[in-house]
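Working notes, structure below.
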Amino acid sequence: MDALSDGDVELLVGIRHFELALLRVFGEGKVNGTTHTCLGQEYVPVALAPLLDGDFVLSNHRGHGHYLAHFRDPAGMLAEIMGRAGAVCSGVGGSQHVHRDGFLSTGVQGQSLPLAVGMGLHYKRTGANRVAAAYIGDGTWGEGAVYEALNMAALWRVPVLVVVEHNGIAQSTPTTAQLAGTIGDRVRAFGLDFTEITTHDIPAIRAELAPVVDRVRHEHRPAVVQFTTRRLGPHSKGDDTRSAQEVEALRAADWYAELATALGPRFTAVDERVRTEVDRLVAEVEARPPSTWADLAEAGAVR
Ligand SMILES: Cc1ncc(C[n+]2csc(CCOP(=O)(O)OP(=O)(O)O)c2C)c(N)n1
């Protein structure tokens, strides 16, 4: 991890502080709707960011980190969630339904995979040299659309990368209580490439996945990459059904403390600066006027 660039460290801790700040403003009753944070999983999109530069990312209900790693735009995302001026989609999409060129998230589990296959087919036909990458959780392997999409991806050989954030739980249901066999065996049954990543060492992850993404892009060999990861926060806001000991054990293996130890003062300096920047951003976005009907019309959301 000590081979990380300053930009990587900034992005990692930036996503961490963004999510913590979000839970705080929700707790203060300053935001409507809901939110799902990626606390503990931040390194996944950070590791993938340079490999998917210029590609299309399809995200899910836990998508802030995916967006921030792809665009480095905390102001637009925060304004979107808080319904303030400058929001990515004029506050229409909120936390889960964000659209921007090169990015689309949906709160409907499994919905992104058929879209990714359609996009991949388009990229293949037009020679776009682009990958459609879709993030899903392990709990989403109960959705039929996932299998329909994998079938067509394999048959049509489209440049689709499925990124599974396997955190071992879906809302309150442990994966062991709902998934027979393994995701890897299911993927291999379609003849697709499957890679499992169990580390949070970002340079090591990039080294392992660069050839995988290359094959997806240039040989149109769809692939599934599973990250064994940890959800440190509640499913949404106050709904963690796990025991305190279980969550404590997950926190003990978090990348954050490990990176702080590995980088020492370099980490502390970046961490403190980024935390202050996020706090300032929250205050600044909160003080902005709400998104207006004019913003919505401009975004094409109303006629
Ligand atoms: C089709 C559909 N069914 C149910 C839900 C409600 N729901 C939202 S997130 C979630 C659990 C998702 O678990 P997983 O895919 O493992 O992702 P994680 O939350 O662990 O990141 C559920 C059941 C939904 N959003 N969409």
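Note that ligands are numbered from 1 as they come in the structure, with each ligand's atoms numbered from 1 the same way. Here the structure is a predicted model, which means the values were calculated and not measured.
Taking 4.0 Å as the cut-off, Glu165 does not count as a neighbour of ligand 1 on heavy-atom distance. Using a 4.0 Å cutoff on heavy atoms, Arg62 counts as a contact of ligand 1. Glu143 counts as a contact of ligand 1, since one of its heavy atoms falls under 4.0 Å from the ligand.
Considering CE of Met152 and CG of Leu113, their distance stands at 13.5 Å, rounded to 0.5 Å.
Neither the backbone nor the side chain of His36 comes within contact range of ligand 1; no heavy atom lies under 4.0 Å. Only the side chain of His61 comes within 4.0 Å of ligand 1, counting heavy atoms alone; its backbone N, CA, C and O stay farther away.
Heavy-atom minimum distance, Ser291 versus Gly91: OG-N, 3.9 Å.
Within 6.0 Å of the CG atom in Asn151, the count of heavy atoms belonging to other residues, nucleotides or ligands exceeds 12.
Between Ala170 and ligand 1, a contact under 3.5 Å exists for no N or O pair. Considering both main-chain and side-chain atoms, Ile169 comes within under 3.5 Å of ligand 1 through a nitrogen or oxygen pair.
Residue-ligand proximity, Asn167 to ligand 1, at heavy-atom distances under 4.0 Å covers atoms 18 (P), 20 (O), 21 (O). Atoms of ligand 1 found under 4.0 Å from any heavy atom of Asp138, numbered from 1 in the order shown, are 16 (O). In the vicinity of Gln171, heavy-atom distances shorter than 4.0 Å reach the ligand 1 atoms 7 (N), 10 (C), 11 (C), 22 (C), 23 (C). Contact atoms of ligand 1 toward His235: 9 (S), 10 (C), 11 (C), 19 (O) (distance under 4.0 Å to a heavy atom of the residue).
Of the protein's heavy atoms, Gln109 OE1, 3.8 Å lies nearest to atom 6 (C) of ligand 1. Among all non-hydrogen protein atoms, the one lying nearest atom 25 (N) of ligand 1 is Gly107 O, 2.7 Å. If you check which protein heavy atom lies closest to atom 14 (P) of ligand 1, you get Gly139 N, 3.5 Å.
Nearest to atom 15 (O) of ligand 1 by heavy-atom distance, out of Thr140, Thr229, Ile136, is Thr140.
Classified by interplanar angle (parallel below 30°, tilted 30° to 60°, perpendicular above 60°), the ring pair Tyr135/His66 is parallel. Note on ring orientation: taking the six-membered ring where Trp is involved, the planes of Tyr256 and His17 are perpendicular (angle over 60°, cut-offs 30° and 60°).
For Phe103 and Tyr67, the ring centers are positioned less than 6.0 Å apart.
Taking hydrophobic clusters as Ile, Leu, Val, Met, Phe, Trp and Tyr residues chained together by side-chain heavy-atom distances below 4.5 Å, Leu58 does not share a cluster with Val162. Put simply, Val247 and Leu23 are part of two different groups of oily side chains (I, L, V, M, F, W, Y) that touch within less than 4.5 Å, one to the next.
Inspection of the Thr276 and Asp279 side chains reveals no N or O donor paired with an N or O acceptor under 3.5 Å. With 3.5 Å as the limit, one finds a donor-acceptor pair spanning the side chains of Asp138 and Thr175.
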